[in-house]
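These numbers were taken from a predicted model, which means no experiment stands behind them.
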Amino acid sequence: MPATAPAALCVKGLSKSYDGKSVVGPLSFALAPGSVTGLLGGNGAGKTTTIGMIMGLIEPTTGTICALGCDMARERAKVLGRMNFESPYVDMPHRLTVRQNLNVFAMLYGVPRRDEKIARLAKEFALEDFIDRPTGRLSAGQKTRVALAKALLNDPALLLLDEPTASLDPDTADWVRARIEDHRRAHNCTILLASHNMNEVERLCDRVMMLRQGAIVDDASPAALLERYGRATLEEVFLDVARGRATASSGAQA
Ligand SMILES: Nc1ncnc2c1ncn2[C@@H]1O[C@H](COP(=O)(O)OP(=O)(O)OP(=O)(O)O)[C@@H](O)[C@H]1O
């Protein structure tokens, strides 16, 4: 990527408070086009809130978000067709079948040749056995696969993933990670990935932002974090950050 390539996502002073109590931010960061950035943090650190604000599902208290060159406060409509997200906290209508749900979203995103696209994703995410079943009657893992298929319907250039493999068995999770990698390669997609799975983060991410109590407390490549904290695995780094520890050699905040 040339050094001058504009950021795919640029967030400045983004914060969220509830009843005057701050839960996130102010956060400022930019994501390079085609990069995969992990958003790590303990329960309640602010990952879902951050992703929700970027997608426009949660109204920020302060700050600006520029996605794919568009100011999300003023030009959201221009860019939503090129973004997508997956979150276990956002449910699809239960009574609609998987096919009907995917069709509705495909229409919303203006996907050309919808049937073809849905058939391809159904094959890719192994949805064919239950594609005509009401979405509310699926298992958690099946719902997650449907949500991922929905997230890729419009070949997004910016993809936000909130714990995409949380409810999947290890085999399916591994295979989903490969699909995410394929999508990134095929579309030079920029991905922000909230995850509690450190192997997933090490495999997929070229950058990791560590969140604690709504603030970014570290931001580097997985390899640089291992070196900075003097640790062998990201799991150990995570524990250091989550518990407010820092090694003498790290220079990271305690
Ligand atoms: N509607 C709300 N009203 C008040 N507080 C909220 C609301 N939504 C979220 N919070 C608080 O904001 C903080 C951040 O929550 P968030 O869901 O973003 O965390 P998270 O990092 O995604 O956590 P987890 O790993 O458990 O999913 C938490 O303390 C949560 O209780």
Side-chain angles (χ1 to χ4, degrees), residues 1 7-9 11 14 23-25 27-52 54 85-89 141 144 147-148 151 158-185 189-254:
M1 185 193 74
L9 178 72
V11 160
L14 186 68
V23 295
V24 166
L27 301 180
S28 297
F29 61 86
L31 304 186
S35 61
V36 181
T37 303
L39 193 57
L40 299 197
N43 292 133
K47 304 175 297 295
T48 295
T49 305
T50 302
I51 286 182
I54 295 168
F85 75 101
E86 181 276 335
S87 166
Y89 307 106
T144 300
L148 282 161
L158 177 59
L159 181 60
L160 307 174
L161 300 172
D162 195 350
E163 299 187 46
T165 60
S167 57
L168 301 177
D169 68 68
D171 180 40
T172 309
D174 183 67
W175 171 79
V176 160
R177 286 176 201 125
R179 299 287 74 72
I180 294 171
E181 283 179 321
D182 290 346
H183 179 77
R184 177 210 191 171
R185 266 194 299 271
C189 179
T190 307
I191 299 176
L192 182 62
L193 165 88
S195 179
H196 288 299
N197 185 308
M198 299 303 130
N199 291 333
E200 174 167 294
V201 171
E202 288 198 78
R203 168 167 167 186
L204 294 179
C205 299
D206 24 53
R207 174 182 172 193
V208 177
M209 295 193 293
M210 310 287 289
L211 212 57
R212 183 153 56 99
Q213 294 173 354
I216 296 174
V217 294
D218 221 328
D219 180 354
S221 68
L225 285 174
L226 296 182
E227 193 176 322
R228 189 174 300 168
Y229 285 79
R231 296 296 193 179
T233 66
L234 263 190
E235 182 127 3
E236 292 169 327
V237 173
F238 178 90
L239 292 176
D240 283 344
V241 172
R243 294 173 182 174
R245 294 190 305 240
T247 62
S249 62
S250 72
Q253 85 308 315

Next item on the list: To the nearest 0.5 Å, tell me how far Leu27 CG sits from Leu39 CG.
Entry: 8.0 Å
Check: Distance from Ile216 atom CD1 to Leu211 atom CG, nearest 0.5 Å?
Finding: 6.5 Å
Check: Gly42 and Lys47: which non-hydrogen atoms are nearest, and at how many Å?
Finding: O-NZ, 3.0 Å
Check: Between Cys205 and Pro222, what is the shortest heavy-atom contact and its length?
Finding: O-CG, 3.5 Å
Item checked: Rounded distance (nearest 0.5 Å) linking atom CG of Leu225 with atom CG of Asp219 -> 8.0 Å
Check: Do the side chains of Met198 and Thr233 get nearer than 4.5 Å, heavy atoms only?
Finding: no
Item checked: Minimum side-chain heavy-atom gap Arg179-Leu148 below 4.5 Å -> no
Check: So, for Leu234 and Glu202, which heavy atoms are closest and what is the spacing to 0.1 Å?
Finding: CD1-CG, 3.4 Å
Check: Judged by atom type as modelled, is there a donor-acceptor pair below 3.5 Å linking the side chain of Asp206 to the main-chain atoms of Val36?
Finding: yes
Next item on the list: Please name the pair of heavy atoms, one in Phe238 and one in Met210, separated by the smallest distance, quoted to 0.1 Å.
Entry: CA-CE, 3.8 Å
Checklist line | Results of side chain to side chain donor-acceptor pair (under 3.5 Å) for Arg177 - residues two or more places apart only | finding: Thr165, Glu200
Item checked: Asp218 CG to Tyr229 OH distance, which is reported to the nearest 0.5 Å -> 3.5 Å
Notebook entry, point to check: What distance separates Leu192 CG from Ile51 CD1, expressed to the nearest 0.5 Å?
Noted result: 5.0 Å
Check: Does Glu86 reach the side chain of Thr144, with side-chain heavy atoms less than 4.5 Å apart?
Finding: yes
Margin query: With a 4.5 Å cut-off on side-chain heavy atoms, are Asn43 and His196 touching?
Written below: yes
Next item on the list: For Ala8, enumerate each residue passing the side chain to side chain contact (heavy atoms under 4.5 Å, CB included) test, keeping only those at least two apart in sequence or located in another chain.
Entry: Leu68, Thr190
Checklist line | Trp175 vs Leu168 side-chain heavy atoms within contact, under 4.5 Å | finding: no
Next item on the list: Please confirm whether the backbone N or O of Thr37 pairs with a side-chain atom of Ser35, one donor and one acceptor, at under 3.5 Å?
Entry: no
Note to self: Evaluate Val237 against Arg228 for side-chain contact (heavy atoms from CB on, under 4.5 Å), listing each step before the verdict.
What the structure shows: CA-CA 9 Å; Val237 173; Arg228 189 174 300 168; over 6 Å; no
Check: Within a strict 4.5 Å, meaning less than it, do heavy atoms of the Leu159 and Arg184 side chains meet?
Finding: no
Next item on the list: Measure across Pro33 and Ala7 and return the closest heavy-atom pair with its distance rounded to 0.1 Å.
Entry: CD-CA, 4.4 Å
Item checked: Candidate pair Leu9 and Phe29, rule side-chain contact (heavy atoms from CB on, under 4.5 Å), full reasoning -> CA-CA 8 Å; Leu9 178 72; Phe29 61 86; 4.0 Å; yes
Notebook entry, point to check: Taking all atoms of both residues into account, what is the closest heavy-atom pair of Val201 and Ser195, and its distance?
Noted result: CG2-CB, 3.9 Å
Next item on the list: Could you list all the salt bridge (Lys or Arg N to Asp or Glu O under 4.0 Å) pairs where at least one residue sits in residues 160-174, not counting sequence neighbours?
Entry: Asp174-Arg203
Item checked: CG-SG distance between Leu158 and Cys189, expressed to the nearest 0.5 angstrom -> 7.0 Å
Next item on the list: Can you establish whether the number of heavy atoms outside Glu235 located under 6.0 Å from its atom CD is more than 12?
Entry: no
Next item on the list: Measure from the side-chain N and O atoms of Arg212 to the backbone N and O of Ala45, and report whether any donor-acceptor pair falls under 3.5 Å.
Entry: no
